[in-house]
Amino acid sequence: MASLVSSPFTLPNSKVDQLSSLAQRHLFLHSFLPKKASSYGSSSKASLRVKCAAIGNGLFTQTTPEVRRIVPEKNQGLPTVKIVYVVLEAQYQSSVSAAVRALNSNKKDASFEVVGYLVEELRDESTYKTFCKDLEDANIFIGSLIFVEELALKVKAAVEKERDRLDAVLVFPSMPEVMRLNKLGSFSMSQLGQSKSPFFQLFKKKKQSSAGFADSMLKLVRTLPKVLKYLPSDKAQDARLYILSLQFWLGGSPDNLQNFLKMISGSYIPALKGTKMEYSEPVLYLDSGIWHPLAPCMYDDVKEYLNWYGTRRDANEMLKSPNAPIIGLILQRSHIVTGDDGHYVAVIMELEARGAKVIPIFAGGLDFSGPVEKFLIDPISKKPFVNSVVSLTGFALVGGPARQDHPRAVEALMKLDVPYIVALPLVFQTTEEWLNSTLGLHPIQVALQVALPELDGGMEPIVFAGRDPKTGKSHALHKRVEQLCTRAIKWAELKRKTKEEKKLAITVFSFPPDKGNVGTAAYLNVFSSIFSVLKDLQKDGYNVEGLPETSEALIEEVIHDKEAQFSSPNLNVAYKMNVREYQSLTPYATALEENWGKPPGNLNSDGENLLVYGKQYGNVFIGVQPTFGYEGDPMRLLFSKSASPHHGFAAYYSFVEKIFKADAVLHFGTHGSLEFMPGKQVGMSDVCYPDSLIGNIPNVYYYAANNPSEATIAKRRSYANTISYLTPPAENAGLYKGLKQLSELISSYQSLKDTGRGPQIVSSIISTARQCNLDKDVELPDEGEEIPAKERDLVVGKVYAKIMEIESRLLPCGLHVIGEPPSALEAVATLVNIAALDRPEDGISSLPSILAETVGRNIEEVYRGSDKGILKDVELLRQITEASRGAITSFVQRTTNKKGQVVDVADKLTSILGFGINEPWIEYLSNTKFYRADREKLRTLFEFLGECLKLVVADNELGSLKQALEGKYVEPGPGGDPIRNPKVLPTGKNIHALDPQAIPTTAAMQSAKIVVDRLIERQKAENGGKYPETIALVLWGTDNIKTYGESLGQVLWMLGVNPVADTFGRVNRVEPVSLEELGRPRIDVVVNCSGVFRDLFINQMNLLDRAVKMVAELDEPAEQNFVRKHALEQAQTLGIGIREAATRIFSNASGSYSSNINLAVENSSWNDEKQLQDMYLSRKSFAFDCDAPGAGMTEKKKVFEMALSTADATFQNLDSSEISLTDVSHYFDSDPTNLVQSLRKDGKKPSAYIADTTTANAQVRTLAETVRLDARTKLLNPKWYEGMLSSGYEGVREIEKRLTNTVGWSATSGQVDNWVYEEANTTFIQDEEMLKKLMNTNPNSFRKLVQTFLEANGRGYWETSEDNIEKLRQLYSEVEDKIEGIDR
């Protein structure tokens, strides 16, 4: 820090290149520094020393234990006591140092030498060696809060060696492995972890409260010493001294620590035997209470505190006002007792200066839920005393770093019912290290202090305090504290303002920027939803003056004739901002000039002013968020780091915050570009764009429930309160046209196959299958070839299996409207799929498996047989599917009224479940071959389905939005796939991801092994029995959340390693499986992590990188270990070490997302495929290195290219029915199939596979098969496109988007068949009626559709007749004229 204080700002030279260009310009650096430089005692010497220490060892922190070392003066003739301590955070550093200095200055009895380590520093090899060396001549070891497994094991290894020699070992709450090291005389905890030990009982998960551990420990601490005093044995005295030590330690002040050291030394150091060292009892502070830096004491009662507050003389006028907002603060007791409270004081002072009263509460244990209920809620009226709450601890509300109890936390916060913000003090890094890091926060801190509080419903992870590298003390970061306090007050204001005066800015997206695209969002009918929300708010008393009568009229008013192109000012302009105004409102405007030149620029501007597009209705503004701005520029798309927002983008948010003065902004739907702007990954600083753009406005964000990963990015980077909405109800794709004919032919074959007509029907089946282009998926005999009777069944069986696969595919129909939950019958397909999964952890069997057992079969065998095309298995599977649908439909009908809405499910269910015989599903099944199905299993299953049905139809999306706008707490809930995890429902929850250290789970590993084995089997079958040497694959954030880490598990299993969980179930280690057990070679991988995966699961990237490097270093033959084989070759070619050559875990540069191929394809801004491949290489070649995790993502293009050039197969996962390959552009955006071909020496195209785990019967298909399946079930399926067209304007765009994404697949993989384009042309262009409908509903999207057909032909992806092309050209000019005509 000191090196930053001396001005002018000179930064250590080595670091300059890593700093963002902004920081180099010293624009904002001063804003991070405390206002008084002098307190740092910055002498030139000090600044030099910090510089040396701060030069990277590639780890997150470069602080050294030397700043915590105190060596007494020599030859005082006193025995020396040497103490070594290891702690999680640095707040004890100043207290311990003060205590030791005081003891040494007395020169009585003994002199003390001390050295302290932060757990995180032990990652560094040389620091670890020093630590081991320090232990060799130490007398006492102290450890506290050691909860990071890999480091806990290092501490254990080092201390174990010396434990018998050490005079005392004291470990306070930590992982059991480290707690077992405790020894004080005869007291030890070595049995810890065996069920009988009393301490282990504390660790066991307590049902009533699992922060129980810390709390029971505190209760013990209060009562035991009194009891133990009277027990005679030494053993009891030793135990008593351990408990006293814990009291001293938790007391934390220098006096307490002095007495603690005297007590332990006097009792256990042999050289001091016989010297009587006097020590006083621990000074006990309140375990929990209210603390204010100016108050005379700590309070145990809110009323007393508020009385004192009311009589303060120093309070300003604003504070005395009865209308002042009141903010609750949650503090960590250890910071207060150790005197490390500067950052807390700063927040309290800032809030009071801004006119807010504060109630700062603290707790000593790790459970804050009790104090929250005790001090922040009025016991009589049950109303909160506060308008919003900010936790400054960074920890989960209950359980801190150890075991969390989220339900208990949510319960307390629901009672409190105010916005809950969790801000962060830097724990593992110093201020300077955080500023210079592109990652931002340290991954372990992200896991403990960002991911876990999100599960409690915490928001806004703002870094408000830094750490001084020398004293270890926390200090406030003033600009960040201002941001935090303003935002906390803004949230509190929502609670206090009336509805009439509240201003709301609704922000919609337009992506890609085209005339027909305003209001894009995944699965959402945006304008109908906005209309329904505004109607509801109006009814509630919000001022929405002049709202039109219909949602169509709303579209017209916002975008003028739906003619929404940005280059021409014919979107409705809500505000013109001149350049001078823009610059005065936007402090960071100059920083944007590097990328975009001087304002106003040519985006969102008329050449003189910046234009804000949108329309105002009373106190509601509906605005259109500008786009990235570089999507149409092929050169910019090639840059490996993304550009800053453009002036128009910044002007939009300046308008919303400072001119319109919004009380809250509502981002409508998944997703915009704000949260993907450049900046740190997590833990924004002042110069990170998402932070600057959102400014001080509370951000409420409607996000699709099935996309928890991107929702999490929005929470962390743009401080969003994300509210989930439902994806449209799924239906089965069904059959149409030729496919329907086929299924009729097959059923007549089954009844007539043994008569003379058998062969004839088979040949009709074959020719119809050809017409339907099924010959690519099923091997069909030649026309007219004689087929023996035995083989006929197999041919028919294979065609049948393919048709059933198409028929039962799930697809979301239409678009969701907020506030309109699905009707019960629309929920049937979803329930059928929920019922198709076994849920062993809940004791629920799947419906297909119950039905299969009835006829004496195992469902897995039936799946396998059906996949092979065995006719009787295909038929049985169809019957099982039909019976499942029938049974569930009959159950749903029984719980609904005539209108098809679910009426009081609970009552109806009790009446149904009360009587065995009348259960509707039993009635239904009694008429099928499954009449003997197991009733008990069925009842358990249907009770569960009844619960799910209630959740599917519950409607809370509007309710939660209103709660958020009224400054209440929105209940958190997981995001993900409602079919795999019905806990996602009901929607309208504040979406969170999961504890990143909890994956992959054991169940996910099992599923992963099945998929990997099938993938390898298939690749071998198609390549003459050879194993693939390398597989290139993609890891997505959302998939790994939904499946609890299945694709992560797949990578580990390809390498032949297993994840190992620690005592808390956290996965931070891997170990290799022996080659014998594996039974095949280890397969090399090239992993491309999406930018979102990188942000959410950096710990897992670390884990994967460690796994690959560990496998590369195994001493195994090259033909059994392809990782080692390739790494050795690459190390030799590139002249680097084997560990560096074994770099396989890649992603984008920090703060950048996607390969931009999607932007290029959507905007047709690319010349040839090579250009797309260059984008991929330039943007995706950043590697994570477990040996230097602090360095973040570093470019390693050569290794990336060499690794890809060995790939024999490319691979991706589809994990849920709503999103398939052509629904979103992300999948082809990360597909390297053609790229690998161009890099391979032999120019061979790799096989491309897609694993489909969307149903219970997991499949590995080729990419081409999947694209065909997708086209048949979506783009070419009347059920799907009619469903889309019923949404009107938005529906046409959805159809166009599927076609554009299909071209994307042609461009990256060349795996799209010609007939897909041909059929699409027949469906949408040749059919006159359809053509007119598309053209009139959304002419702009229709124009893009025609353009995409022409482009597919022009780029050589679609060969068709000259007539077709001529027709398309004519249509293009017709629709052009129509659009122009509308304009005039």
- Taking the inter-plane angle between the rings of Trp249 and Tyr92 on a 0 to 90° scale, is it parallel (under 30°), tilted (30 to 60°) or perpendicular (over 60°)? parallel

- Message: Can you tell me if Lys273 has over 12 outside heavy atoms packed within less than 6.0 Å of its NZ?
- Response: yes

- Query: Which atom names give the shortest non-hydrogen contact between Leu426 and Gly466, and what distance separates them?
  - Reply: CD1-CA, 3.8 Å

- Item | Inter-residue atom distance Leu261.CG - Ile83.CD1, 0.5 Å rounding | 4.5 Å

- Step by step, would you call Tyr85 with Arg68 a side chain to side chain contact (heavy atoms under 4.5 Å, CB included)? CA-CA 10 Å; Tyr85 67 92; Arg68 287 170 231 104; 3.8 Å; yes

- May I ask you to check whether Trp291 and Phe362 place their ring centres under 6.0 Å from each other? no

- Query: Going through the distances and angles, do Thr338 and Gln91 end up as a side-chain hydrogen bond (donor to acceptor under 3.5 Å, both in side chains)?
  - Reply: CA-CA 7 Å; Thr338 56; Gln91 70 260 49; 5.9 Å; no

- Write down the atom of Met277, the atom of Leu272, and the distance for their closest heavy-atom approach. SD-CD1, 3.9 Å

- Message: Tell me if a side-chain donor or acceptor on Asn1102 pairs with a main-chain N or O of Ile1098 at a distance below 3.5 Å.
- Response: no

- State whether Glu125 and Lys154 are salt-bridged, where the test is any N-O pair (Lys NZ or Arg NE/NH1/NH2 against Asp/Glu carboxylate O) under 4.0 Å. yes

- Identify whether the distance between the nearest side-chain nitrogen and carboxylate oxygen of Glu149 and Arg1069 falls below 4.0 Å. yes

- Where the side chain of Lys107 meets the backbone of Leu78, is there a donor-acceptor pair that is under 3.5 Å apart? no

- Task: Look only at the side chain of Gln449 and the backbone of Thr393, and say whether a donor-acceptor pair between them is shorter than 3.5 Å.
- Result: yes

- Ion pair check, Arg123 and Glu150, cut-off under 4.0 Å: yes

- If you round to the nearest 0.5 Å, how far is CZ of Arg1106 from CG of Asn1068? 7.0 Å

- Message: For Thr430, is there any backbone N or O sitting under 3.5 Å from a side-chain donor or acceptor partner on Glu433?
- Response: yes

- Should the pair His343 and His335 be assigned to parallel (<30°), tilted (30 to 60°) or perpendicular (>60°) ring geometry? perpendicular

